[in-house]
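Below is one structure; the comments refer to it alone.
Proteins come first, then strands; the chains are lettered A, B, ... in the order of their sequence lines, and each starts at number 1.
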Number of protein chains: 2
Amino acid sequence: MMRMPQRPYHHGDLRTALLDSAERTLRERGTAALSLRELARETGVSHAAPGRHFKDKQALLDALALTGYERLAQSLEAADDPALPLEPRLTALARAYLSFAVRNAALLELMYARKHDTDLSEQLTSAVDRSVGSFERLISDAQRRGEIVEGDSERITLVAAAGIQGLAAFTANGSLDPEVALAGVDEYVHHVLHGLKPR
Amino acid sequence: MMRMPQRPYHHGDLRTALLDSAERTLRERGTAALSLRELARETGVSHAAPGRHFKDKQALLDALALTGYERLAQSLEAADDPALPLEPRLTALARAYLSFAVRNAALLELMYARKHDTDLSEQLTSAVDRSVGSFERLISDAQRRGEIVEGDSERITLVAAAGIQGLAAFTANGSLDPEVALAGVDEYVHHVLHGLKPR
DNA sequence: ACCTGAACACCGTTCAAGT
DNA sequence: ACCTGAACACCGTTCAAGT
C-alpha cells in the first residue's frame with residue numbers, strides 16, 4: 001500500500017493513479033467493491049478529487065473499459081500470425097481471447113456492460129473494432145483462399161466469435177473451469193470449422 | 001402503480017410482491033436502479049421489511065435469478081420438439097433462448113453474474129441443469145441417430161450452446177440488433193452444424 | 001410471525017473555498 | 001489548474017420496540 005508520506009498538494013497524475021487503483025480493486029475484489037471514495041482514500045486524496053478527472057463514476061468505468069479494449073486488441077494482434085494455416089491461426093486467436101477473459105474476468109464483464117453514450121465512445125468504438133478486426137481479417141483471408149465458405153464475412157466472423165465469447169462468459173462466471181476452457185479451445189475451433197455433422 | 005390505500009399491518013405476500021417489483025424495475029430501468037429501499041417504498045412497506053424475507057440484497061438477486069432460470073427452462077422445454085429433424089430442432093431451441101435473452105436482457109445478465117453460494121443454490125443448480133438439459137438431450141438424440149459427430153456429448157453441447165450464449169450476449173449489450181440476431185439464428189445454426197469449411 | 005423507526009456506517013455528487 | 005471540506009440526498013443492514 002506504501003503511500004508517499006507528504007504528497008504535494010497536486011497529485012501529478014491522479015487520473016492514471018485512480019485508474020490503476022480501480023483496476024487492482026476490480027481484479028482483487030470485483031466490480032461491487034469499486035467505490036470512488038475508497039479509490040480516493042487509497043490514492044491519498046480527498047473524496048471529491050476524482051470528480052476533477054471523471055465527471056461521474058460511469059465515466060471512470062468507461063475509461064477503464066477503454067483501457068481493457070486497448071489491451072485486448074493488442075493481445076489479439078500479437079497472437080495473430082497470418083502465416084499460420086487456418087485452424088492453428090484461429091486456435092491461437094481464440095486462446096488469446098480466452099486467456100484475456102480468464103486473467104481479466106471482472107474487467108471483461110465491465111467492458112461488455114458498457115453503456116455507450118460517453119464522449120470517449122469514438123475511442124471505444126475504435127478499440128472494439130480493432131479487437132473484432134483480428135477475427136475479421138482471419139476470416140476474409142481464409143475466404144480468399146477458399147478455406148472458409150463464402151458469404152458475408154461479418155456474419156461469419158460473428159459465428160466464430162460468438163462461440164468464443166460464449167466460452168469466455170461461461171468461464172468468467174464459473175460455469176466452466178478456466179483450465180478446462182483453455183484446454184478445450186482446440187476442440188472448439190475444430191468443431192466450428194468442421195461442423196457438428198459427420199462428414 | 002395503484003396501491004391499496006389501507007394495507008393491513010401484515011402484507012400477506014411481501015416476498016412475492018418484492019420479487020415482482022424488482023423484476024419490473026430490472027426490466028424498465030436496469031440493474032443499477034435496483035434498491036431495496038425503493039422496492040420497499042413501491043410496495044408500501046418500511047425499508048426494513050425486506051430484511052425479513054431476504055437476508056440481504058444478494059439474496060433477493062439470487063431469488064430473482066432462480067425465477068429467471070425456471071422460466072428459461074420452461075421456455076426451452078416448450079420449444080423443444082424431439083420429433084423435428086436436427087437442424088430445425090436446434091434452430092427452434094436457439095430461437096427460444098435468444099428470444100428469452102432479448103425479452104429479459106437485464107435479468108439474464110443477473111442470472112449469469114450469480115455468486116453461487118446461497119442456500120437456494122441446490123434449486124438454482126437444478127434450474128440451470130434443466131435449461132442445459134434441453135440442449136444436451138437434443139445433442140445425445142442426434143448422436144444416437146448418427147446425425148452429429150461422436151464424442152463427449154457435454155463438450156459438444158458446450159460448443160453448440162456457447163455460440164448461442166455469445167449471440168445472446170452481443171444482443172443484450174447492444175452490439176447486435178435483436179431483430180438481426182433473431183433473424184440470423186437459422187444461419188448460425190446452419191454454420192455450427194455444417195462447419196465453416198467448405199464441404 | 002411480521003413489520004416499524006431510529007441509528008449506523010457507508011455511498012456519489014456538488015460547490016464554495018482554499019493553495 | 002487542481003484539490004479540500006462540508007453538505008445533501010441517497011444507500012444497505014441491524015435492532016429494539018411495536019402490533
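Aromatic ring orientation, Tyr112(B) versus Phe170(A): tilted (interplanar angle from 30° to 60°).
For the side chain to side chain contact (heavy atoms under 4.5 Å, CB included) criterion with Glu154(A), the lone passing option out of Thr157(A), Ile156(A), Asp152(A), Leu158(A) is Asp152(A).
Of the two residues near DNA chain C, His47(A) and Leu14(B), the one whose nearest nucleotide lies more 5' is Leu14(B).
With hydrogens and angles ignored, a donor-acceptor pair under 3.5 angstrom links the side chain of Arg37(A) to the base of dT13(C).
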Which string of ( ) [ ] | and . matches DNA chain C, if you list each base 5' to 3' and count Watson-Crick or G-U pairs only when both distances are under 3.5 Å?
||.|||||...|||||.||
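For the residue pair Arg144(A) and Ser140(A), no side-chain donor N or O sits within less than 3.5 Å of a side-chain acceptor on the partner.
In Glu150(B), the CD atom is not crowded: 12 or fewer heavy atoms of neighbouring residues, nucleotides or ligands sit closer than 6.0 Å.
Using a 4.0 Å heavy-atom distance criterion, His53(B) is classed as a sugar-phosphate-only contact.
Between Ser35(A) and the phosphate of dC10(C), there is no side-chain N or O to OP1/OP2 separation shorter than 4.0 Å.
The side chain of Ala48(B) lies closest to dT14(D), out of dT14(D), dT13(D), dC11(C). Checking dC3(D), dC11(D), dT13(D) against every side-chain atom of Arg52(A), the shortest atom distance belongs to dC3(D).
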Show the atom names and distances, to 0.1 Å, of all donor-acceptor pairs under 3.5 Å that link a side chain in residues 32-39 of chain A to residues at least two apart or in another chain.
unit_1	atom_1	unit_2	atom_2	d
Ser35(A)	OG	Arg37(A)	N	3.4
Ser35(A)	OG	Glu38(A)	N	2.9
Glu38(A)	OE2	Arg29(A)	NH2	2.2

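Note that the CG atom of Leu18(A) and the CG atom of Asp13(A) stand 9.5 Å from one another [nearest 0.5 Å].
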